[in-house]
Protein chains: 6
Amino acid sequence: MVQALIDKAEVLVEALPYIRRFRDKTVVIKYGGAAMTDDELRASFAVDVVLLKYIGVQPVLVHGGGPQIGATLERLEIPTRFEQGLRVTDDATMEVVEMVLGGRVNREIVALIGRGGGKAIGLTGSDAGLLRVRRKRQDGADLGRVGEVVAVDPEPIRAVAEAGYVPVIAPIGADDEGLTYNVNADEAAGAIAEALHAEKLILLTDVEGVLDAQGQLIHRLTEADVEKLIGEGTIQGGMIPKVECCLRALRGGVGRSHVIDGRVLHAILLEVFTDGGVGTLLTR
Amino acid sequence: MVQALIDKAEVLVEALPYIRRFRDKTVVIKYGGAAMTDDELRASFAVDVVLLKYIGVQPVLVHGGGPQIGATLERLEIPTRFEQGLRVTDDATMEVVEMVLGGRVNREIVALIGRGGGKAIGLTGSDAGLLRVRRKRQDGADLGRVGEVVAVDPEPIRAVAEAGYVPVIAPIGADDEGLTYNVNADEAAGAIAEALHAEKLILLTDVEGVLDAQGQLIHRLTEADVEKLIGEGTIQGGMIPKVECCLRALRGGVGRSHVIDGRVLHAILLEVFTDGGVGTLLTR
Amino acid sequence: MVQALIDKAEVLVEALPYIRRFRDKTVVIKYGGAAMTDDELRASFAVDVVLLKYIGVQPVLVHGGGPQIGATLERLEIPTRFEQGLRVTDDATMEVVEMVLGGRVNREIVALIGRGGGKAIGLTGSDAGLLRVRRKRQDGADLGRVGEVVAVDPEPIRAVAEAGYVPVIAPIGADDEGLTYNVNADEAAGAIAEALHAEKLILLTDVEGVLDAQGQLIHRLTEADVEKLIGEGTIQGGMIPKVECCLRALRGGVGRSHVIDGRVLHAILLEVFTDGGVGTLLTR
Amino acid sequence: MVQALIDKAEVLVEALPYIRRFRDKTVVIKYGGAAMTDDELRASFAVDVVLLKYIGVQPVLVHGGGPQIGATLERLEIPTRFEQGLRVTDDATMEVVEMVLGGRVNREIVALIGRGGGKAIGLTGSDAGLLRVRRKRQDGADLGRVGEVVAVDPEPIRAVAEAGYVPVIAPIGADDEGLTYNVNADEAAGAIAEALHAEKLILLTDVEGVLDAQGQLIHRLTEADVEKLIGEGTIQGGMIPKVECCLRALRGGVGRSHVIDGRVLHAILLEVFTDGGVGTLLTR
Amino acid sequence: MVQALIDKAEVLVEALPYIRRFRDKTVVIKYGGAAMTDDELRASFAVDVVLLKYIGVQPVLVHGGGPQIGATLERLEIPTRFEQGLRVTDDATMEVVEMVLGGRVNREIVALIGRGGGKAIGLTGSDAGLLRVRRKRQDGADLGRVGEVVAVDPEPIRAVAEAGYVPVIAPIGADDEGLTYNVNADEAAGAIAEALHAEKLILLTDVEGVLDAQGQLIHRLTEADVEKLIGEGTIQGGMIPKVECCLRALRGGVGRSHVIDGRVLHAILLEVFTDGGVGTLLTR
Amino acid sequence: MVQALIDKAEVLVEALPYIRRFRDKTVVIKYGGAAMTDDELRASFAVDVVLLKYIGVQPVLVHGGGPQIGATLERLEIPTRFEQGLRVTDDATMEVVEMVLGGRVNREIVALIGRGGGKAIGLTGSDAGLLRVRRKRQDGADLGRVGEVVAVDPEPIRAVAEAGYVPVIAPIGADDEGLTYNVNADEAAGAIAEALHAEKLILLTDVEGVLDAQGQLIHRLTEADVEKLIGEGTIQGGMIPKVECCLRALRGGVGRSHVIDGRVLHAILLEVFTDGGVGTLLTR
């Protein structure tokens with residue numbers, strides 16, 4: 001039995017260099033997918049975040065909520081349609097987006113962190129001018145109240161984090177007139193990581209990471225690699241905006257970006273506390 | 001024209017003793033009623049709050065949202081019923097309460113303060129253990145997820161206020177298991193005022209204040225007066241919980257409680273910056 | 001009656017953008033003329049200054065005292081004469097200047113602020129090396145102990161202002177040997193505004209402001225305008241050193257300089273809290 | 001030559017225990033008499049004060065100015081008379097008192113400290129409510145504007161001292177209406193020492209100290225001794241108010257009071273840095 | 001492989017409640033025995049200490065060095081003898097004690113922590129009056145320069161710990177004359193834990209812990225238990241002073257005392273991060 | 001007698017400009033020679049250091065210990081030999097060096113400062129990575145564990161000094177593997193002075209200072225002078241490394257370097273508090 005204890009202590013000891021490296025550093029995590037719906041994964045995510053906070057790392061969470069929005073729209077019989085992968089958002093839809101993201105999903109994550117032993121404060125990008133956006137124009141299409149980030153004010157996030165809380169941010173921004181917009185959660189997470197000079201941006205996904213042409217996980221990618229793989233069609237579909245968001249953050253000064261597999265228990269801890277990690281690391 | 005300007009300056013000068021008295025003091029305001037629905041009143045409320053913040057007072061807003069909740073329940077065809085003036089709240093209803101209060105009403109107030117020139121951060125009583133509640137038992141009736149306040153942690157509110165933001169709080173609490181409950185906004189405001197050692201608790205209502213048997217406004221009431229007036233039936237109906245909430249706050253150390261007329265433009269400023277005010281003052 | 005109150009509240013609300021703009025900013029005011037002799041104007045000046053202090057502006061007062069010096073010299077039968085508008089100051093005269101400015105006028109202003117509800121501390125330019133001067137040579141004339149400012153040490157003024165007091169400064173400077181000199185109050189105010197990186201320099205005068213050839217008030221002047229008006233003889237006499245002092249301050253980094261009419265009640269508040277103001281604004 | 005240097009070093013070394021004992025302690029000095037009129041004594045006083053400031057003691061000076069006031073009254077042909085050792089002070093006299101104390105004597109001491117290498121700021125008891133007084137009634141006599149100290153606000157003195165300056169205080173107080181009064185400088189010094197919780201109160205006089213019946217200096221006196229000596233008539237005349245002022249300060253919490261001989265060069269340093277000192281020590 | 005990683009993450013997660021409990025708490029560790037001589041144990045001890053420091057615990061080390069002192073005395077042919085388990089310490093012996101403890105053992109521990117990735121500063125009880133002692137009199141025997149602790153000044157230890165270093169303390173004290181004494185390391189550790197209001201005192205030994213009459217480890221003991229076991233003779237020999245030292249610390253306000261088995265790898269981590277620990281816990 | 005006191009006061013007054021100049025400045029002193037062995041000189045050195053600390057100077061001591069090391073080596077019958085003036089240091093010798101410097105000499109100096117009324121903390125260059133060194137290679141000779149300084153971390157020294165203690169540093173450094181080396185004390189003092197941006201580096205020696213060809217003390221030398229005097233052979237032997245160490249410190253930003261006569265009582269005070277000093281001043 002003592003040997004089992006010693007083995008456990010060795011694990012703590014192995015974590016030491018990582019604790020040292022990330023102390024007082026900010027890690028922005030885009031939370032979503034299975035890690036947000038599966039109960040066991042949810043619980044393991046919560047303790048990961050709380051553990052980071054306790055050993056001196058500053059985790060900041062940004063979440064989406066597409067499925068929950070879809071379900072509520074359906075229930076309210078509000079028709080919805082997508083253009084180029086983005087939900088066309090009229091005023092009725094936006095009202096639902098705000099209620100679901102800010103009033104339900106955000107709340108559930110705050111409660112989840114609380115059950116994990118931490119203290120979280122929910123923020124919305126429209127709090128205190130946190131996320132300033134403008135109407136997104138994509139290839140001429142009018143997507144309605146879909147916004148793209150113009151500026152991030154990191155002060156409200158810092159105030160909350162430095163007071164000892166985990167900031168949990170719903171990706172709704174406001175334009176100069178105060179009109180609110182739906183923002184893609186990956187994009188919001190990237191912009192927030194940049195504004196906070198984060199050490200790491202982690203995108204939790206429901207895939208293993210970026211895969212090569214043979215379907216094998218690629219452990220590490222540079223900017224040039226990414227461009228080549230997109231050109232060849234190896235990276236395609238929904239993974240393209242994710243890796244582009246990672247690259248944008250890197251160019252903006254974020255140390256490292258990661259696309260990781262949120263279906264793995266303790267994916268966040270594994271990412272922060274091991275060398276290999278459980279997904280794809282992107283660097284400049 | 002110069003005379004008009006001088007008259008204006010005199011008004012500022014008259015405000016000086018009040019500025020001096022309330023500097024660095026906390027004022028908790030229960031926001032609701034016409035002041036939350038009428039556009040002109042909304043705008044005047046916002047500038048009042050922002051002005052207070054600028055001259056060094058710390059305003060903290062607590063809001064309700066009954067009408068908005070009712071409308072959404074209706075739209076979702078979720079039946080609702082009241083017992084003893086309180087909405088019986090099953091799980092489906094609670095989900096709507098959270099979405100409407102936290103995702104819509106709270107957001108609108110944050111945006112309103114922003115348009116008034118201030119910076120607000122929306123909080124929910126379930127953030128960071130802010131509002132700890134238990135299931136309310138009232139005369140044996142089971143009201144479902146209706147909570148009564150057990151404890152308030154003032155730290156998250158202070159962190160937000162001291163960082164320069166106006167805290168806007170949705171009255172949803174959580175019990176020890178993290179289950180959320182609907183809390184009466186007046187009650188939440190009173191408990192928060194107590195925990196913050198507020199100088200003032202102001203309840204914005206849609207009546208002139210507390211009225212006497214002849215329907216005339218009573219400007220000032222003591223604890224003993226209130227008991228007598230309730231006994232005589234002069235104070236009745238929905239006014240009873242309001243004055244009781246005021247008295248509880250006074251006993252808990254709040255300096256002064258006010259029931260004021262939110263239908264008057266700049267009701268908050270008038271309350272803070274004049275001697276008479278525009279409603280009923282309750283003191284011990 | 002409620003309408004009257006609402007009108008008052010509107011005035012406070014109008015002041016909000018100005019409060020926001022000048023918060024934590026320093027405003028240097030040269031105090032003199034009717035505002036210093038007429039009882040009603042004196043009282044209105046005091047509350048203006050105290051109000052500024054309370055809403056977070058840092059007022060710094062610099063005063064003259066020519067008439068009071070003249071009266072005392074007369075009473076002591078010390079003959080006096082002027083050259084080029086400046087009092088020739090021998091040692092006997094200087095002794096009177098110091099007693100009257102530092103021992104009487106300065107004290108009266110400190111007491112005036114006290115009666116207005118504020119707390120002032122009187123300083124003399126010779127305190128702690130605040131105002132370092134040298135003997136003024138003007139067109140070869142020897143004016144005796146009349147000094148021109150060589151350097152201002154802003155630290156004593158800041159120490160007093162940051163401790164919550166209104167600094168009231170008598171314009172007496174000292175040279176490197178510690179010999180004291182009479183300094184023109186406008187000039188002292190300008191140099192102090194520059195050293196404090198003040199937002200505003202306000203010269204209180206007994207005229208409406210700078211007038212054009214038709215005797216009409218000019219609301220706004222640039223550096224170029226001033227030079228042209230002096231060249232044309234429109235600005236003449238005692239107004240020339242005043243506008244030159246304003247321009248020097250602007251070149252030294254002060255945001256705005258004003259020549260205003262001290263005979264108007266609440267002239268300072270009107271200047272700070274309205275767009276038009278009550279005199280002439282000088283900008284670069 | 002080296003031996004002479006070593007002897008000098010020994011003197012510094014001897015001072016060490018005193019430096020240690022008085023570091024960060026406040027020493028209030030009533031400055032007056034020969035030390036204020038003789039040029040060599042003035043210079044030695046200044047360096048003493050500056051040295052104290054540099055080694056971490058906080059000196060606070062309170063000065064009188066009777067002779068200078070008398071001379072100016074005479075020059076202005078204002079008749080003056082004394083009752084019970086106190087100058088009857090009508091309004092005309094008070095005006096002169098303020099001008100001479102605040103405008104001349106105070107200024108000269110500030111300049112003196114400056115020449116000694118220090119930085120002083122002159123204060124008057126009427127600055128910022130520093131010295132609150134009421135009209136003195138002594139045995140029914142009406143002495144006019146002679147005040148007795150009611151309260152001392154130590155904050156303005158501390159603000160000045162902690163910012164690195166030597167506070168030099170003219171003993172003029174103000175009553176609740178802001179009317180100014182002449183205060184005895186010993187009394188003012190005692191009250192200020194009490195309010196500042198000073199370690200020492202030093203009264204500089206023109207005698208050796210308190211003398212016994214044989215005219216010999218008494219080195220140390222307790223409260224009981226003083227009462228006995230006054231009873232016997234050994235302590236008499238102007239020394240009585242001085243020792244009473246010392247006793248009052250001791251009862252108010254000041255550590256030690258001293259009546260010392262200001263006619264001795266470096267009397268202050270000798271008092272602070274030697275065991276015997278150069279006058280009489282009073283303790284409880 | 002991913003499963004192995006997940007298992008590791010679980011270990012980190014298990015540590016969370018302990019991290020939370022001991023954050024910012026001080027843990028005083030008496031270091032000695034096998035943990036100080038065996039290379040593998042030394043290395044595991046070092047990382048344990050460094051890990052504690054990194055996760056926000058404040059470890060303070062106190063070490064002995066009996067064997068190293070004995071070896072050096074032998075080499076220098078200085079005869080030595082023991083009385084009642086304590087080395088009789090003449091001046092020649094004390095000189096060796098100081099050199100060996102302060103110049104060798106202390107240095108080696110500082111270097112050990114350095115190799116473990118931390119930063120340590122070696123202190124001796126005679127630094128800055130840290131450990132004030134007097135000559136120990138035990139049953140009339142004169143043990144020479146063996147001291148017992150009279151007072152601990154925690155300030156030098158705090159200064160070092162708060163600047164980010166691990167204090168490593170050699171148990172040599174000084175009396176009021178500055179004469180140094182050898183102090184028992186357990187006793188020094190106990191007194192230091194008390195002065196620092198430590199959360200835990202841990203004595204590393206070369207036995208399993210306190211054993212019962214059957215030679216089985218006792219996991220938990222109260223003060224009463226200890227007295228009973230000593231009375232029965234179950235606790236005997238060198239264990240008696242150790243448990244008495246633990247009890248003294250508990251009475252002095254230390255939260256918990258532990259006698260643990262330093263022969264186990266990562267004994268410190270196991271003690272702090274598991275419920276059972278690896279030795280005997282003593283509580284009041 | 002009073003005159004004698006006044007003379008003493010004058011000495012304090014003379015010290016004032018020096019107190020002013022060195023306040024809050026760091027002075028690094030290489031302590032050794034007669035000042036470390038003669039009892040009277042030791043005591044005078046201690047009070048000098050304590051006096052500096054009290055008047056606001058930050059003294060930092062670096063000591064050698066060659067004679068004590070030699071004596072212990074002899075006693076332990078460890079043979080020793082010198083090459084190019086440096087002790088060849090094998091592992092057995094290094095063990096003695098550490099014990100003697102860190103465990104005895106350093107301790108004695110800490111105790112000495114304590115007896116002088118100050119509080120010292122002993123540090124070794126191997127504490128907290130303070131003195132990082134590498135093996136010294138001098139003209140191909142292998143001197144064993146003799147190190148040359150690669151880097152100094154000033155933080156541990158600052159932490160100790162700012163907490164109110166006098167840092168006393170033994171010149172033992174460690175390389176990147178943590179292996180310790182003997183470092184020349186002059187060299188260590190110079191490197192430490194540079195890292196601390198010291199105002200002064202003072203080398204205490206057993207000669208008058210640098211002498212000219214006629215054996216007369218040279219009071220002041222520039223870099224060019226030194227090079228010339230070495231070239232001419234006027235500066236020779238052990239003085240060469242001392243002056244080179246001084247020059248290196250000057251080039252590294254230290255204000256002034258001094259080679260002074262430690263055989264003079266209060267040599268440090270004389271150096272800091274007189275213009276001439278008692279040795280040779282080196283400047284760039």
Side-chain angles (χ1 to χ4, degrees), chain E residues 46 65 68-69 72 75-78 92 94-116 118-130 132 153 155-168 170 172 174 176-180, chain F residues 46 65 68-69 72 75-78 92 94-108 110-116 118-130 132 153 155-168 170 172 174-180:
Chain E
Q68 294 88 334
I69 291 168
T72 307
R75 199 161 139 207
L76 287 164
E77 296 172 8
I78 298 174
M94 188 63 206
E95 195 180 302
V96 171
V97 166
E98 290 201 65
M99 285 200 304
V100 172
L101 285 190
R104 222 179 103 202
V105 180
N106 189 274
R107 297 290 91 215
E108 284 167 7
I109 302 170
V110 164
L112 180 66
I113 301 299
R115 279 196 299 275
K119 288 184 170 183
I121 285 185
L123 294 172
T124 296
S126 58
D127 276 312
L130 196 159
R132 207 142 51 74
D153 178 358
E155 287 316 315
I157 309 174
R158 274 202 201 114
V160 162
E162 284 170 10
Y165 305 104
V166 177
V168 178
I172 292 165
D176 291 350
E177 275 69 48
L179 191 69
T180 51
Chain F
Q68 294 90 332
I69 291 168
T72 306
R75 200 162 140 205
L76 287 165
E77 295 172 9
I78 298 173
M94 189 63 206
E95 195 181 302
V96 172
V97 166
E98 290 201 65
M99 285 201 303
V100 172
L101 285 190
R104 225 177 103 203
V105 179
N106 188 274
R107 297 289 92 214
E108 284 167 7
V110 164
L112 179 67
I113 300 298
R115 280 197 299 277
K119 288 184 167 180
I121 285 185
L123 294 171
T124 297
S126 57
D127 276 311
L130 196 159
R132 208 139 53 73
D153 179 357
E155 287 316 315
I157 308 174
R158 275 203 199 113
V160 161
E162 284 170 9
Y165 306 104
V166 176
V168 177
I172 293 165
D175 67 11
D176 291 349
E177 274 71 46
L179 190 68
T180 51

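Here is how names work: the chains are called A, B, and so on, in the same order as the sequence lines, proteins then strands, and each is numbered from 1.
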Measuring heavy-atom distances to chain F, does E:Leu123 have an atom under 4.5 Å in its side chain, in its backbone, in both, or in neither? side chain

The interface call for E:Glu162 against chain F, heavy-atom contacts under 4.5 Å, is neither

Value rounded to 0.5 Å, distance of CZ in F:Arg104 from CE in E:Met99: 6.0 Å

Please look at E:Val110 and chain F and tell me whether the side chain, the backbone, both or neither of the residue comes under 4.5 angstrom of a heavy atom of that chain. side chain

Regarding F:Asp127 and E:Arg107, does a basic nitrogen lie under 4.0 Å from an acidic carboxylate oxygen? yes

In terms of heavy-atom pairs under 4.5 Å with chain E, which of F:Gly122, F:Ala163, F:Pro156 leads? F:Pro156

Partner chain F: residue of E:Val96, E:Ile113, E:Thr124 with the largest heavy-atom pair count (under 4.5 Å): E:Thr124

So which residue, F:Ala120, F:Ala159, F:Gly102, F:Gly178, ends up with the most heavy-atom pairs under 4.5 Å with chain E? F:Ala120

Against chain F, work out which of E:Glu177, E:Glu77, E:Arg75 has the most heavy-atom pairs shorter than 4.5 Å and name it. E:Arg75

Atom group of F:Glu155 that falls short of 4.5 Å from chain E, counting heavy atoms: both

Using non-hydrogen atoms only, which part of E:Asp153 is less than 4.5 Å away from chain F: side chain, backbone, both, or neither? side chain

Only counting residues at least two apart or in another chain, list the ones meeting side chain to side chain contact (heavy atoms under 4.5 Å, CB included) with E:Ala111. E:Arg115

